[in-house]
Amino acid sequence: MRQKHEELFELSMLGDAFEKRYRRMRPEVERMPWGTLTPAKYPTEIVAAARRSWTLSAYQEHRTGAACAATLEALIAARAPLDLIAVATRFPLDEMAHVEMCARIAGELGGGTPLLHNSWSLVPHPSPSLPPLLRAAELVVRVFCVGEAVSIPLLRGTWKASSHPLLTAVLGRIVKDEAAHGRFGWVFLDWVAEFLGEDERKHLRMIAREEIAKLETSWDNMKPKVFGVGDVNALGWMESEAYLALARRAMETVVKAPLRARGLLDG
Ligand SMILES: [Fe+2]
Ligand SMILES: [Fe+2]
């Protein structure tokens with residue numbers, strides 16, 4: 001049943017001068033080989049699954065954009081180092097470009113699929129009772145050290161497997177941007193370490209555990225689809241046992257191990 005505040009996930013552009021300004025900020029997007037996907041070449045069920053998958057990706061990028069912006073606000077409030085904040089100001093723009101690219105791929109495949117979302121609770125907000133620096137650290141752990149960090153090897157795997165030039169271009173760009181987002185989390189944690197007491201570390205350990213468990217549960221509930229690997233790779237997404245295996249390995253090596261090394265994960 002539709003819950004209060006649930007809305008269809010739809011996007012728009014203002015166009016004209018503002019679109020031109022945006023294009024100048026991210027010129028590589030228009031240089032990609034748009035208009036080259038030919039969905040009629042692929043089995044209908046594969047195209048339907050790819051449309052759904054790219055629509056979901058657009059929505060995930062949209063949520064990450066909101067999460068990057070929330071983190072940015074917290075970093076500014078906490079007076080984190082100015083150069084660190086300045087680098088992070090690019091992240092919401094990166095995510096908006098990712099939203100556009102994923103949505104355009106869904107469009108080329110026949111259009112996005114209907115997706116209801118709750119725009120009132122796009123991102124988790126740390127308790128306002130926490131001090132600004134801990135609020136920023138909580139968001140960095142959730143968004144960058146877990147979510148963004150684990151997505152990098154997964155995106156890289158999908159990029160390497162993709163065989164269509166448009167999807168290779170889009171995924172390659174996303175991988176490049178996400179690599180910078182992933183690094184940012186650890187740089188922040190290394191800077192903030194000297195300001196954290198045992199209570200703050202305990203809080204961040206709880207946040208890391210919670211965020212990791214959320215992702216691992218979603219993977220446990222994912223039912224991998226069995227499609228022809230060639231067609232799936234041509235349409236640029238992974239939804240398979242191989243993806244889940246890679247996700248679990250990535251969680252250990254790029255999330256849990258670096259958190260453990262910083263004393264922010266037990267066990
Ligand atoms: Fe992204
Ligand atoms: Fe990102």
Side-chain angles (χ1 to χ4, degrees), residues 9 11 13 22-23 25-30 32 50 52-75 80 84-107 112 115 117 119 122-124 136-162 166-189 207-208 211-212 214-215 218 236-239 243 246-247 250-251 254-255 258-259:
F9 178 60
L11 302 161
M13 297 269 266
Y22 164 55
R23 298 287 172 220
M25 293 160 94
R26 298 303 300 252
E28 69 281 1
V29 175
E30 280 304 85
M32 291 173 184
R52 186 181 51 81
S53 176
W54 283 103
T55 306
L56 267 174
S57 296
Y59 173 60
Q60 288 305 340
E61 299 286 0
H62 172 81
R63 282 187 67 191
T64 311
C68 287
T71 310
L72 199 54
E73 183 195 351
L75 290 165
L84 198 68
I85 297 173
V87 167
T89 60
R90 186 187 159 98
F91 300 163
L93 171 63
D94 291 343
E95 303 300 350
M96 291 304 101
H98 301 172
V99 172
E100 188 205 351
M101 292 188 287
C102 293
R104 278 173 78 167
I105 291 174
L115 193 150
H117 78 301
S119 56
L122 265 189
V123 284
E138 174 177 326
L139 282 165
V140 170
V141 167
R142 263 192 211 288
V143 179
F144 291 89
C145 299
V146 180
E148 296 281 82
V150 82
S151 78
I152 299 165
L154 294 173
L155 284 160
R156 196 178 291 127
T158 314
W159 172 46
K160 285 196 177 143
S162 72
L166 174 61
L167 304 181
T168 306
V170 166
L171 288 162
R173 182 69 234 180
I174 295 178
V175 165
K176 195 170 174 200
D177 292 339
E178 297 303 352
H181 302 190
R183 274 195 303 276
F184 172 83
W186 306 114
V187 172
F188 172 84
L189 279 190
I207 295 295
E211 201 60 28
I212 290 168
K214 221 190 282 174
L215 278 173
S218 77
W237 91 104
M238 285 169 90
E239 204 165 354
Y243 177 92
L246 178 60
M251 183 61 95
V254 303
V255 175
L259 280 171

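Residues: numbered from 1 along the sequence shown. Atoms within a ligand are numbered from 1 in the order they appear, just like the ligands themselves.
The N, O or S atom of E95 with the smallest distance to the Fe ion (ligand 2) is OE2. The atom name of the N/O/S atom in H98 closest to the Fe ion (ligand 1) is ND1. Within E148, the N/O/S atom positioned nearest the Fe ion (ligand 2) carries the name OE2.
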Should R104 and E30 be marked as a salt bridge (Lys or Arg N to Asp or Glu O under 4.0 Å) after you check the CA-CA gap, both sets of side-chain angles, and the distance that decides it?
CA-CA 11 Å; R104 278 173 78 167; E30 280 304 85; 2.7 Å; yes
Step by step, would you call F144 with F188 a ring-ring contact (aromatic ring centres under 6.0 Å, His included)?
CA-CA 10 Å; F144 291 89; F188 172 84; 9.1 Å; no
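Counting non-hydrogen atoms of neighbouring residues, nucleotides and ligands closer than 6.0 angstrom, the NZ atom of K214 exceeds 12 such neighbours. In E73, the CD atom is not crowded: 12 or fewer heavy atoms of neighbouring residues, nucleotides or ligands sit closer than 6.0 Å.
Contact annotation: E178 places an N, O or S atom under 2.8 Å from the Fe ion (ligand 2). Among the backbone and side-chain atoms of E61, an N, O or S atom lies under 2.8 Å from the Fe ion (ligand 1). Within the 2.8 Å limit, H181 places no N, O or S atom next to the Fe ion (ligand 1).
E95 has no carboxylate O lying under 4.0 Å from a charged side-chain N of R26, or vice versa, which leaves the two without a salt bridge.
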